[in-house]
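What follows is a single structure, written as structure tokens, with notes after it.
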Amino acid sequence: MDLFSSALGKNITFVRPAYFTISGFSGVPHVKYYYVFLFFVYVVSVLGNTAVMAVIYLDHNLKTPKYVAVFNLAFVDLLGSTALVPKVLDIFLFNHYNVPYNECMMFLFFCNTCLSMQALNLVALSYDRLMAIMFPLHYQTKVTNRSMFSLISFFWLFAIIITLIAVGLLTRYSFCKSVVINSYFCDHGPIFRLACNDTFPSLVIAYMSFFLILWLPLVIILSCYLCIGYALSKVATAQERLKAFKTCTAHLSLVAIYFVPILITYTLGADIHPNARIVNLSLTAVVPPMLNPIIYVLQTQEIKLSLKKILKIKDKSKIMFK
């Protein structure tokens with residue numbers, strides 16, 4: 001308790017800096033080409049996720065629990081990309097390296113909440129696939145729009161609370177050494193390591209978050225697919241197994257795109273050059289939101305059919321107008 005009391009500010013005069021300096025991409029060679037790439041990724045993410053959300057909203061046939069989760073994933077990707085990429089481009093492209101203290105805390109809150117929700121949303125989608133394949137006859141009673149809304153609301157609440165705790169602890173620290181953050185955004189780990197007082201609570205929260213937001217969701221998702229694999233092994237024909245498995249390919253692609261780069265980066269740890277580590281982590285934050293809508297449009301039959309319907313209606317209305 002003494003450790004937490006000292007970190008939470010008992011008898012401490014806080015030294016709160018006016019700003020933090022983001023140094024992330026400063027040492028990366030030819031980094032301006034990377035900024036162009038980030039801008040391209042952001043535009044594709046905004047267009048793709050907006051299109052997926054619009055299709056789900058407009059088509060009443062897509063008002064199902066699965067597409068409640070898909071809509072939320074597109075919303076999270078859109079929000080996360082908008083919170084991260086424009087600010088990163090502003091910092092490094094226009095040399096606004098000094099980010100005011102309060103703005104930095106808000107930047108951290110939105111980025112971490114959205115990154116957490118991406119992983120948790122994949123859990124919701126794996127649960128939906130598990131129920132659909134293991135209990136096909138009772139799926140509509142076991143998984144309803146209301147239950148999916150409740151699950152996603154719980155995940156939002158969980159992600160917000162754990163991020164608020166992390167940010168709240170940072171606001172109780174004194175920063176009297178350096179204000180230079182060696183990351184591409186206001187990153188939790190690099191910030192609390194700059195504090196002068198005891199940072200043990202933030203270290204605990206960092207490890208808890210890493211376990212609860214990365215490892216636990218991955219374990220749950222893999223467990224769901226082990227159960228799905230077992231259920232499919234009981235299906236009579238190979239054609240039926242393949243048909244059922246095809247409904248999972250889009251979700252499995254999203255899981256691989258999100259988790260594999262993060263696990264590789266954190267597993268290699270100190271063996272990666274700091275610049276390569278920063279670029280890799282930034283890619284894991286911006287590339288999945290760009291690819292997720294593309295994967296769902298290309299691999300999900302319902303969305304493709306819905307898009308065709310919407311485009312046909314638009315073509316007919318244009319002909320009628322002419």
Side-chain angles (χ1 to χ4, degrees), residues 22 24-25 28 34 37-38 41-42 44-45 49 69 72-74 76-85 87-88 107-126 155-156 158-160 162-163 166 181-193 202-225 250-296:
I22 313 293
F25 294 125
V28 179
Y34 187 62
F37 171 73
L38 284 181
V41 167
Y42 175 65
V44 175
S45 297
N49 286 297
N72 186 65
L73 180 65
V76 169
D77 288 342
L78 181 62
L79 182 63
S81 295
T82 303
L84 180 66
V85 178
K87 186 63 181 174
V88 168
F107 190 22
L108 167 61
F109 171 77
F110 280 107
C111 290
N112 275 21
T113 301
C114 291
L115 287 170
S116 300
M117 273 307 299
Q118 284 180 10
L120 295 172
N121 216 104
L122 293 174
V123 173
L125 284 165
S126 67
F155 284 154
W156 270 108
F158 176 74
I160 288 169
I162 201 164
T163 308
I181 301 171
N182 187 25
S183 184
Y184 65 98
F185 76 113
C186 293
D187 201 350
H188 178 251
I191 291 178
F192 81 73
R193 291 187 185 95
S202 284
L203 186 64
V204 172
I205 287 295
Y207 279 114
M208 279 181 60
S209 300
F210 192 67
F211 173 74
L212 294 172
I213 302 299
L214 187 68
W215 283 109
L216 186 59
L218 182 59
V219 168
I220 292 171
I221 291 166
L222 293 177
S223 300
C224 286
Y225 276 100
H251 179 251
L252 280 171
S253 302
L254 304 189
V255 171
I257 288 166
Y258 181 83
F259 284 102
V260 171
I262 295 177
L263 292 174
I264 290 172
T265 303
Y266 280 107
T267 302
L268 293 175
D271 296 331
I272 302 179
H273 189 277
N275 287 344
R277 181 182 176 83
I278 288 169
V279 171
N280 285 346
L281 288 175
S282 66
L283 287 172
T284 60
V286 299
V287 171
M290 176 188 72
L291 294 179
N292 290 350
I294 296 171
I295 288 168
Y296 259 102

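As the structure is a computational prediction, the values presented were derived from the model and not from experiment. Scope of the values below: all heavy atoms of this structure, side chains included, with no hydrogens, waters or symmetry mates.
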Distance-only criterion, 3.5 Å: show the donor-acceptor pairs between side-chain atoms of residues 204-217 and protein atoms not counting sequence neighbours.
unit_1	atom_1	unit_2	atom_2	d
S209	OG	I205	O	2.8

Aromatic centroids of H251 and Y225 separated by under 6.0 Å: yes

Between the side chain of R277 and the main-chain N/O of H273, is any donor-acceptor distance below 3.5 Å? no

Verify, without hydrogens or angle tests, whether D187 (side chain) and S183 (backbone) share a donor-acceptor contact under 3.5 angstrom. no

Atom [atom1] of [X] and atom [atom2] of [Y]: how far apart are they, to the nearest 0.5 Å?
| X | Y | atom1 | atom2 | result |
| --- | --- | --- | --- | --- |
| I191 | F185 | CD1 | CZ | 8.0 Å |
| I162 | N112 | CD1 | CG | 10.0 Å |
| L254 | S126 | CG | OG | 11.5 Å |

Shortest non-hydrogen contact from C186 to I181?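 Closest approach of C186 to I181: CA-CD1, 4.4 Å.
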
Checking side-chain contact (heavy atoms from CB on, under 4.5 Å) for the pair I257/I295: CA distance, chi angles, key distance, verdict? CA-CA 11 Å; I257 288 166; I295 288 168; 3.0 Å; yes

In the structure I gave you, are the side-chain heavy atoms of [X] and [Y] within less than 4.5 Å of one another anywhere?
| X | Y | result |
| --- | --- | --- |
| Y42 | T82 | yes |
| F155 | N72 | no |
| L84 | F107 | yes |
| F110 | T163 | no |
| L120 | W156 | no |
| P261 | N280 | no |

Please tabulate, for the side chains in residues 282-293, all donor-acceptor contacts under 3.5 angstrom to protein atoms that are two or more places apart in sequence or on a different chain.
unit_1	atom_1	unit_2	atom_2	d
S282	OG	Y34	OH	2.5
S282	OG	I278	O	3.4
S282	OG	V279	O	2.6
T284	OG1	L281	O	2.6
N292	ND2	D77	OD2	2.8
N292	ND2	P288	O	3.3

CA sep, side-chain torsions, deciding dist, call: T113, L79, side-chain contact (heavy atoms from CB on, under 4.5 Å): CA-CA 10 Å; T113 301; L79 182 63; over 6 Å; no

